Amino acid sequence: MNIHKKIYLLIAMAAIQLVVPGKMIYDHASVLNNGVIYKFQTEPLDPSDPLRGKYINLNFKARKFYSPINLSWKIGQDVFVKVENDSNGFAKIVAVLNSPPVEGNYFNAKLDYVEDYKQYQTLNLDLPFTRFYLEESRAANVESEYAKANKDSLVQAYATVAIKNGVAVISNVFIGKKALIEN
């Protein structure tokens, strides 16, 4: 291989290394800017390990869906989760499907496990937006605020999640009316 081909190959490899992360960043920014925002209520976590590194690990009330018996569900299966707002303005799951819905907002998730009962199944979902990343300097204070809020039933904690074309991205987390990221 001559030197010119090696240079072109090196340039092509460098371009690919820039394009791939750039596309990932563009896709997330597109969802945040153009997606529909939903508020997902959070639940308390195990207080011994709610923070790892520079993110808060979030647990959501809307991770379960009650379905008629369907023996075709498989653990680890990719599913399409259709959501709408409830009367209080929080997101609720209205359907878990094997294929993308024709209309309405949805995101991709994985089926974590299924609990069978006589007349229905509880589908427990592994949501794709359980980590909220923060600046390292703020992480300890936020962890403390979040844990305290989840112990107080009068304080609502929730995450706003942008959803577009099957992709879901956390845009912010609120403790009461206070946003963790100020715009």
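Source: prediction; values computed, not measured.
- In this structure, the side chain of Gln17 does not engage the main chain of Ala14 through any donor-acceptor pair within 3.5 Å.
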What's the verdict on side-chain contact (heavy atoms from CB on, under 4.5 Å) for Gln121 and Tyr66, showing C-alpha distance, side-chain angles and the deciding distance? CA-CA 6 Å; Gln121 291 176 310; Tyr66 302 97; over 6 Å; no
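- With rounding to the nearest 0.5 Å, the separation of OG in Ser67 from OH in Tyr117 is 13.0 Å.
- Remark: the backbone N or O of Phe90 is not paired with any side-chain donor or acceptor of Asn88 at under 3.5 angstrom.
- Under a hydrophobic clustering in which Ile, Leu, Val, Met, Phe, Trp and Tyr are joined whenever their side-chain heavy atoms come within less than 4.5 Å, directly or via other members, Ile170 and Phe174 fall into different clusters.
- Residues Glu84 and Asn105 have side chains that never bring a donor and an acceptor to within less than 3.5 angstrom of each other.
- Hydrophobic clustering (ILVMFWY, side-chain heavy atoms < 4.5 Å, transitive): Ile3 and Ile11 are in one cluster.
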May I have the step-by-step check of side-chain contact (heavy atoms from CB on, under 4.5 Å) for Ile163 and Val167, ending in yes or no? CA-CA 6 Å; Ile163 297 174; Val167 178; over 6 Å; no
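- In summary, the aromatic rings of Phe107 and Phe129 are positioned with their centroids under 6.0 Å apart.
- Among Asn172, Val169, Val173, the one residue that satisfies the side chain to side chain contact (heavy atoms under 4.5 Å, CB included) test with Thr160 is Asn172.
- A pairwise comparison of heavy atoms in Lys82 and Pro101 identifies CD-CB, 4.2 Å as the closest pair.
- The hydrophobic cluster containing Trp73 also contains Phe65, counting ILVMFWY residues as joined when their side-chain heavy atoms lie under 4.5 angstrom apart, directly or transitively.
- Within a 6.0 Å sphere centred on OH of Tyr8, other residues, nucleotides and ligands contribute 12 heavy atoms or fewer.
- Lys74 NZ to Asn98 CG: the interatomic distance, rounded to the nearest 0.5 Å, is 10.0 Å.
- Across all non-hydrogen atoms, the minimal contact from Ala62 to Ala91 is CB-O, 4.1 Å.
- Leu127 is connected to Phe132 through a chain of hydrophobic side-chain contacts under 4.5 Å among Ile, Leu, Val, Met, Phe, Trp and Tyr, so both are in one cluster.
- Note on Phe60 and Val83: same hydrophobic cluster, where clusters join Ile, Leu, Val, Met, Phe, Trp and Tyr whose side-chain heavy atoms are under 4.5 Å apart, directly or indirectly.
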Please determine whether side-chain contact (heavy atoms from CB on, under 4.5 Å) holds for the pair Lys110 and Asp78, giving the CA-CA distance in whole Å, both sets of side-chain angles, and the decisive distance to 0.1 Å. CA-CA 5 Å; Lys110 286 204 179 289; Asp78 290 323; 2.6 Å; yes
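- Rounded to the nearest 0.5 angstrom, Asn33 CG and Lys164 NZ are separated by 9.0 Å.
- Between the side chain of Ser171 and the backbone N or O of Ala162 there is no donor-acceptor pair closer than 3.5 Å.
- Considering all non-hydrogen atoms of both residues, Gly89 and Asn85 come closest at O-OD1, 3.7 Å.
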If you apply the rule side-chain contact (heavy atoms from CB on, under 4.5 Å), what do you find for Leu111 with Ile75, and how did you get there? CA-CA 5 Å; Leu111 193 56; Ile75 294 172; 5.7 Å; no
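- Taking the side chain as every heavy atom from C-beta outward, Val96 and Leu125 approach each other to under 4.5 Å.
- Closest heavy-atom contact between Ile93 and Lys64: CD1-O, 4.1 Å.
- For the atom pair OG1 (Thr130) and CZ (Arg63), the distance works out to 11.0 Å, reported to the nearest 0.5 Å.
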